[in-house]
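To start, the structure itself, in structure tokens.
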Amino acid sequence: MRRRTLLAAAALAAVSLGARAQTLTKMTIATGVDPAFSQFYVAKEAGLFEKNGLDVTINTGPSGSAMIPFLVNNQVQAAYGSDLAGVINHQVDPNIVAVADGTYLVKWLSVIGKNVPDLDALKGKKVGIAMGTGSEIFWRRVLEKRGLKLTDFTMVNVEAPEMLAALERGDIDGFAVWEPWPTRTLMAVKGSKVLQTAEGIYNNINFIYMNRGWIEQNKAAAEKFMLSLMQANDMIGKDRPAAAKLVAKFLKMPLELATELMPKVEFDMDWQPRSIEAIQVSEKQLADQKKLKAPLDYGKYVYMDLVKTVRPENVKVTALPK
């Protein structure tokens, strides 16, 4: 009799778990592997997605920007990457929209060189750049601010995670990229040093991107997704040590490194004037490079509805550029 009771209880529990699993909306999201994308990791590791009725799988790649194209045809439902990559991919598929300003990169990008004393000494040498990402826009801004020419250097397209090894091998003489790769390189490569930081040069923004068609067909799930990210953002602000542990766990990164890097980023989950300014900088760069197919329609690209619904006070943009 007792055995039957236990079996019945176990069966009931299994049915309950199965029913709960069926009520969760499945989503696949994608980004890179650095603490600038912490809201994704924290929402996953803290169980916030599941709490809000979502079964979320996070796919990671060499950079957040490299994952944005997977929004085409709903291969993923959300991605997290640079301002430049969003504008580039919106030209390919106008359904790719920016739904929130995620992180403002305060002290996040650096130019690193090996066995060179300064930026001028890199002239005529090979510089690793992750093309089509914040790496490229940062490098171009550095040259502009320093009065240097693009032709003074040989740009080599290198994905961010490969830059350390490429520098160590001598395939490149320097690189311009985001954390954690500068700090990792300084720790691992003899003769490496910071030649230029982003302070006073360029602070780019990572945005959350989604497929407009998917949002409109799954409005409730999209709002729950944004709510989860808002809650993760709150946790990062209120309990940084706990959030750093979750980020380190997801990235399999030493806790000391995650703790050091996270204060270099401002976690936002909002829309404010500088969000739009960052998009305008990206648009101008593409136009200057003759890579802009048509002027950006901000009304179609900037999708503020999810933030307005979940936390309206986080929208500080009153009008979009015409």
If you define the side chain from C-beta out and look only at heavy atoms, does anything of [X] sit under 4.5 Å from [Y]?
{"X": "Lys149", "Y": "Leu143", "result": "no"}
{"X": "Lys114", "Y": "Leu167", "result": "yes"}
{"X": "Tyr202", "Y": "Asn204", "result": "yes"}
{"X": "Lys219", "Y": "Ile215", "result": "yes"}
{"X": "Ile236", "Y": "Val42", "result": "yes"}
{"X": "Ser65", "Y": "Leu84", "result": "no"}
{"X": "Lys245", "Y": "Leu255", "result": "yes"}
{"X": "Leu109", "Y": "Leu105", "result": "yes"}

Would a hydrophobic clustering, with Ile, Leu, Val, Met, Phe, Trp and Tyr connected at side-chain separations under 4.5 Å, put [X] with [Y]?
{"X": "Leu24", "Y": "Trp214", "answer": "no"}
{"X": "Val156", "Y": "Met131", "answer": "yes"}
{"X": "Phe250", "Y": "Phe40", "answer": "yes"}
{"X": "Met262", "Y": "Leu48", "answer": "no"}
{"X": "Ile68", "Y": "Val56", "answer": "yes"}

Centroid separation Phe225 to Phe49 less than 6.0 Å: yes
Phe153 ring center within less than 6.0 Å of Trp139 ring center: yes
Within 6.0 Å of NZ in Lys300, more than 12 heavy atoms from elsewhere: no
Flag if over 12 foreign heavy atoms under 6.0 Å of NZ, Lys264: yes
If we ignore hydrogens and angles and just use 3.5 Å, is the side chain of [X] paired with the main-chain N or O of [Y] as donor and acceptor?
{"X": "Asp270", "Y": "Val315", "value": "no"}
{"X": "Asn73", "Y": "Gln75", "value": "no"}
{"X": "Trp271", "Y": "Val99", "value": "yes"}

Drop me the distance from [X]'s [atom1] to [Y]'s [atom2], to the nearest 0.5 angstrom.
{"X": "Met304", "Y": "Ile276", "atom1": "CE", "atom2": "CD1", "result": "6.5 Å"}
{"X": "Gln77", "Y": "Ile29", "atom1": "CD", "atom2": "CD1", "result": "9.5 Å"}
{"X": "Ser63", "Y": "Trp181", "atom1": "OG", "atom2": "CH2", "result": "10.5 Å"}
{"X": "Phe37", "Y": "Thr60", "atom1": "CZ", "atom2": "OG1", "result": "11.0 Å"}
{"X": "Leu286", "Y": "Gln91", "atom1": "CG", "atom2": "CD", "result": "6.0 Å"}
{"X": "Asp101", "Y": "Asp268", "atom1": "CG", "atom2": "CG", "result": "4.5 Å"}

For the residue pair [X] and [Y], what are the closest heavy atoms and their distance?
{"X": "Met269", "Y": "Asn314", "result": "O-ND2, 3.0 Å"}
{"X": "Ala85", "Y": "Asn89", "result": "O-ND2, 2.8 Å"}
{"X": "Leu261", "Y": "Trp108", "result": "O-CZ3, 3.2 Å"}
{"X": "Ala43", "Y": "Leu229", "result": "CB-CD2, 4.4 Å"}
{"X": "Ser135", "Y": "Met163", "result": "OG-CE, 4.2 Å"}
{"X": "Leu164", "Y": "Phe175", "result": "N-CE2, 4.5 Å"}

Residue among Thr133, Asn206, Asp34 satisfying side chain to side chain donor-acceptor pair (under 3.5 Å) with Trp178: Asp34
Short side-chain donor-acceptor distance under 3.5 Å, Glu283 and Tyr298: yes
Side chain to side chain contact (heavy atoms under 4.5 Å, CB included) assessment of Ile137 paired with Ser82: CA-CA 10 Å; Ile137 197 168; Ser82 76; over 6 Å; no
Looking at [X] and [Y], does any basic side-chain N land under 4.0 Å from a carboxylate oxygen?
{"X": "Arg146", "Y": "Asp118", "value": "no"}
{"X": "Asp173", "Y": "Lys126", "value": "no"}
{"X": "Glu144", "Y": "Arg140", "value": "no"}

Cation over ring face, Arg212 and Tyr303, 6.0 Å, 45°: no
Residue from Glu223, Lys224, Met230 passing side-chain contact (heavy atoms from CB on, under 4.5 Å) with Met226: Met230
Residues Gln285, Glu136; criterion side chain to side chain contact (heavy atoms under 4.5 Å, CB included); working and verdict: CA-CA 10 Å; Gln285 176 175 310; Glu136 181 181 358; 3.9 Å; yes
Test side-chain hydrogen bond (donor to acceptor under 3.5 Å, both in side chains) applied to Gln272 and Tyr104, step by step: CA-CA 11 Å; Gln272 51 185 300; Tyr104 179 69; over 6 Å; no
Worked check of side chain to side chain contact (heavy atoms under 4.5 Å, CB included) between Arg141 and Val281: CA-CA 10 Å; Arg141 288 297 293 271; Val281 169; 3.5 Å; yes
Audit row: Tyr80, Gln39, side-chain hydrogen bond (donor to acceptor under 3.5 Å, both in side chains) steps and yes/no: CA-CA 10 Å; Tyr80 199 171; Gln39 295 100 329; 2.8 Å; yes
Verdict with reasoning, Ser192 to Glu168, per side chain to side chain contact (heavy atoms under 4.5 Å, CB included): CA-CA 9 Å; Ser192 62; Glu168 196 167 31; over 6 Å; no
